[in-house]
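Reviewing the structure listed below.
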Amino acid sequence: MNLAELNDIARRMVAPGKGLLAADESGGTIGKRFAAINTPNTEENRRDYREFMFRTTDAMKKHISGVILYDETIRQKAKDGSTLVSIIEAAGAIPGIKVDAGTTALPAHPGELITQGLDGLRERFAEYHKLGARFAKWRAVIDIAPGIPTYGAIDANAQAMARYASLAQEAGIVPIVEPEVLMDGDHTIDRCEEVTTFVHNLFFHELAIARVALEGIILKPNMIVSGKKCAQQAGVQEVAERTLKVLKRTTPAAVPGIAFLSGGQSDLDATAHLDAMNRICGNPWPLTFSYGRALQAAPQKAWGGKSENVKAGMEAFAHRALMNYNAALGKWNKSEDKAAA
Ligand code: 13P
């Protein structure tokens, strides 16, 4: 492992204002997104859709530091025969790869999930590195409900995350460490804060035991928000302050950057929360976005699976990329965002 190189990649992933496009939906997940816009989930549609985002050159150059791909996409060719990876690289962005194989029920832990995909991961990392990946993503899913999460499920996920992260670094690939505490459910923001704090403490503990170098990772956390079905919804400032409180308590300053997931927040909420956090000075790490839905919902809707709408899709993508870039600098303007949308 060359830690200086890993640290350099990680820093480029969180360069001022820039953030990550999470375009790593598995075939099933992108199928759900396409169903919402009445678009058949074919390989050609998946390619055309991702190709137009990656070819939104100005936005990719200025506002997107890297793209998280999926196994199909990292091997895929654009209509003109060039690889999608080469289009991303030509825009100056870094290709990354999701390497987890999704979740399955954790035995003896009703209602809890474990992320799989460690088998053969060393060999897969070697191949993905050859294909151009310089960072990777692995997502652990922690649900909040009566009686869960349990210590056992959190720690099992933390151990798997730590093994993934050490294998990534061995391969010269920066691991994104993504412990996602879900916002589904009716829990309060207090409960989200409590669980996320515990989760981060256990995850960093297992990363240390696995000898993962913190200078060569990016943390991808959830924000501290009220459960979606909670009657009492916290405002933007409270979300920002609580999220920073938890991160400062749990995340060493050696971590080069934090790139949030959007987790089902609306586009505007995800941008507003990021902006509010960046307006608070003195944070030890750059805070940016690694959004899937909050970057892609608008372009998906504008495109609607029709080639004549590609330009509208590109404009919608460029707009959200710019808004989140501004938010990562703490300079987002809500009325400008709404007016343009
Ligand atoms: P969302 O921003 O849609 O949560 O997706 C980000 C991601 O990569 C989830 O794993």
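Start at 1 and go down the list; that is how both ligands and their atoms are numbered. Note that the structure is predicted; figures quoted are calculated from it, not measured.
- Note on ligand 1: Ala294 sits outside its first shell, no heavy atom being nearer than 4.0 Å.
- Looking from atom 10 (O) of ligand 1 to the surrounding protein, the closest heavy atom is Lys137 NZ, 2.5 Å.
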inquiry  = Walk me through whether Thr188 and Asp190 qualify under side-chain hydrogen bond (donor to acceptor under 3.5 Å, both in side chains).
reply    = CA-CA 5 Å; Thr188 62; Asp190 286 336; 4.6 Å; no
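- In terms of polar-atom proximity, defined here as any N/O pair under 3.5 Å, Tyr291 makes no such contact with ligand 1.
- The shortest N or O to N or O distance between Ala22 and ligand 1 is not below 3.5 Å.
- Minimum interatomic distance between Ala328 and Thr288 (heavy atoms only, all atoms of both residues): CB-OG1, 3.7 Å.
- No single ILVMFWY cluster, assembled from side-chain heavy atoms under 4.5 Å apart, contains both Leu261 and Val236.
- For Ser290, the closest heavy-atom approach to ligand 1 falls below 4.0 Å.
- Of all atoms in ligand 1, numbered sequentially from 1 with element shown, those under 4.0 Å from a heavy atom of Gly263 are 1 (P), 2 (O), 4 (O).
- With a heavy-atom cut-off of 4.0 Å, Arg139 touches ligand 1 through its side chain alone.
- Backbone and side-chain nitrogen or oxygen atoms of Gly292 are examined, and one is located within less than 3.5 angstrom of a nitrogen or oxygen of ligand 1.
- The shortest N or O to N or O distance between Glu180 and ligand 1 is not under 3.5 Å.
- Residue, atom and distance of the protein heavy atom nearest to atom 9 (C) of ligand 1 are Glu178 OE2, 3.2 Å.
- Protein heavy atom in closest approach to atom 1 (P) of ligand 1: Ser262 OG, 3.3 Å.
- There is a side-chain donor-acceptor pair under 3.5 Å between Glu112 and Thr150.
- Ring geometry for Phe204 against His200 counts as perpendicular: the plane angle is over 60°, on a 0 to 90° scale with 30° as the lower cut.
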message = Asp267 vs Tyr291, test: side-chain hydrogen bond (donor to acceptor under 3.5 Å, both in side chains). Steps then yes/no.
response = CA-CA 9 Å; Asp267 298 1; Tyr291 293 162; over 6 Å; no
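- The ring pair (Phe, Tyr, Trp, His ring centres under 6.0 Å) search around Trp303 returns Phe34, Tyr49, Phe52, not counting sequence neighbours.
- Contact annotation: Lys220 has at least one heavy atom less than 4.0 Å from an atom of ligand 1.
- Taking the six-membered ring for Trp and thresholds of 30 and 60 degrees, His63 and Tyr325 have ring planes inclined between 30 and 60 degrees apart.
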